[in-house]
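These notes are about the structure you will find just below.
Every chain is numbered from 1, with letters handed out A, B, ... down the list of sequences. Note that this is a predicted model, so its numbers are computed, not measured.
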There are 6 protein chains.
Amino acid sequence: MPHIQITMLKGRTIEQKRKIAERITDAMVEDAKTAKEGVIITILEVEREDYAHGGVLMADKK
Amino acid sequence: MPHIQITMLKGRTIEQKRKIAERITDAMVEDAKTAKEGVIITILEVEREDYAHGGVLMADKK
Amino acid sequence: MPHIQITMLKGRTIEQKRKIAERITDAMVEDAKTAKEGVIITILEVEREDYAHGGVLMADKK
Amino acid sequence: MPHIQITMLKGRTIEQKRKIAERITDAMVEDAKTAKEGVIITILEVEREDYAHGGVLMADKK
Amino acid sequence: MPHIQITMLKGRTIEQKRKIAERITDAMVEDAKTAKEGVIITILEVEREDYAHGGVLMADKK
Amino acid sequence: MPHIQITMLKGRTIEQKRKIAERITDAMVEDAKTAKEGVIITILEVEREDYAHGGVLMADKK
């Protein structure tokens, strides 16, 4: 009955999100032995100015 | 002094959010015995393609 | 189908948690019009040295 | 460069966590097209009294 | 290798976010002794109707 | 009135946490122009088997 919260940069298509949801759910069911119906995934999409790595905003990279 | 993070589908009115905030705060004050001023609630609203249950995006349900 | 994450100081009894879970779920069902079975609540309990308010750890208060 | 936070009941072995981390990372790399080195996964393990579904603590189920 | 999730009201400029990311990263490197490249910061911006304090939405304050 | 959630490996001293809380709060006050009393920081400490980077658990590194 896990909850998975994904925080990532905006821009993935619904088809990409569909596959991610399927594969993460399968991993939780097969490896964590949880019931499929209990897996909840939420995706928090953020802008490039709302994600920093090593002290630098993604908006400022390159 | 609890922090409550609610992740839910977009679409509730401000009146609904107002009631949810009041009732959750009351529950924390009366049952968790916390100071009212210390209760912080944040609502993260997500699209139907950003919420999956049982491996299926809400956008694909029905 | 909301997910509610509660972060609070360690120390509540199971009876307190039971009431909090019931009341928050009722609020989500009655005010956010979500299905009862879809409400997931997780409680993250933290030590007094892992919670700060106004720049001061709870462990250092008073 | 996604961050994935998994909240689940305590009790999985390190071997199970290893597989979950690998599979979720692979899904993010192959389907979200992110760099492998950018995938961060954190697992928050909670007790059965800290996880509720449908208003009932897991500790009170069955 | 910490992950820092900031939830705050919408409205800061990219310049403000840049400084916040730099300063929080510096604090984690200097005080938590973590590698700079390992610090990930995500900012979740919320509307005034999605943030409550003391049971009152920010949108309803004053 | 921001909430900052830090997820990091277990092992920092209370003195380190004290400094982190002070510095992050100062950054939020000075750069995000928020009231000091409104800054809430929570630290979620995880084991090395509960943190993965690039698909590998920290417990398996080196």
Side-chain angles (χ1 to χ4, degrees), chain B, chain E:
Chain B
M1 204 146 274
H3 170 252
I4 294 104
Q5 176 185 284
I6 303 173
T7 310
M8 63 181 182
L9 291 178
K10 203 164 281 189
R12 272 72 182 194
T13 65
I14 187 171
E15 178 54 30
Q16 286 180 296
K17 294 173 183 176
R18 192 178 284 129
K19 282 190 191 156
I20 291 168
E22 285 170 3
R23 289 181 65 172
I24 291 182
T25 302
D26 287 348
M28 296 309 297
V29 171
E30 292 162 22
D31 292 316
K33 306 300 179 200
T34 185
K36 188 167 186 174
E37 283 313 298
V39 183
I40 302 290
I41 299 175
T42 51
I43 301 176
L44 305 178
E45 291 193 307
V46 296
E47 302 285 350
R48 295 179 72 78
E49 69 179 60
D50 292 320
Y51 206 118
H53 174 229
V56 181
L57 301 181
M58 298 310 287
D60 291 335
K61 298 245 173 180
K62 253 173 303 145
Chain E
M1 204 148 272
H3 170 252
I4 293 104
Q5 175 185 285
I6 303 173
T7 310
M8 64 180 183
L9 291 178
K10 204 163 282 189
R12 272 73 182 193
T13 65
I14 187 170
E15 178 52 31
Q16 287 180 296
K17 293 173 183 178
R18 191 177 285 127
K19 281 190 193 156
I20 292 168
E22 283 169 4
R23 290 181 65 172
I24 291 182
T25 302
D26 287 349
M28 296 309 297
V29 170
E30 291 162 22
D31 293 315
K33 306 300 180 198
T34 185
K36 188 167 188 174
E37 284 312 298
V39 182
I40 302 289
I41 299 175
T42 52
I43 302 176
L44 306 178
E45 291 192 308
V46 295
E47 302 285 351
R48 295 179 73 79
E49 70 180 59
D50 293 319
Y51 206 117
H53 174 229
V56 181
L57 301 181
M58 298 310 286
D60 291 335
K61 298 242 174 182
K62 251 173 302 147

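- Taken from CD1 in B:Ile14 to CZ in E:Arg48, the straight-line distance is 10.5 Å, to the nearest 0.5 Å.
- Rounding to the nearest 0.5 Å gives a distance of 13.5 Å between CD1 of B:Ile41 and OG1 of E:Thr7.
- Within a 6.0 Å radius of NZ in E:Lys36, other residues, nucleotides and ligands contribute 12 heavy atoms or fewer.
- Between E:Glu47 and B:Lys17, the closest side-chain pair of non-hydrogen atoms is not below 4.5 Å.
- Between the NZ atom of B:Lys19 and the CG atom of E:Leu57 there is a distance of 12.5 Å, given to the nearest 0.5 Å.
- Smallest separation of non-hydrogen atoms from B:Ile43 and E:Val46: O-CG1, 3.7 Å.
- Across all their heavy atoms, B:Thr25 and E:Gly55 have their closest contact at OG1-CA, 3.2 Å.
- Checking side-chain atoms of E:His53 against main-chain N and O of B:Glu37 turns up a donor-acceptor pair under 3.5 Å.
- Using a 4.5 Å cut-off between heavy atoms, B:Leu44 contacts chain E through its side chain alone, with no backbone atom that close.
- Across every non-hydrogen atom of B:Glu45 and E:Asp50, the tightest pair is OE1-OD2, 3.9 Å.
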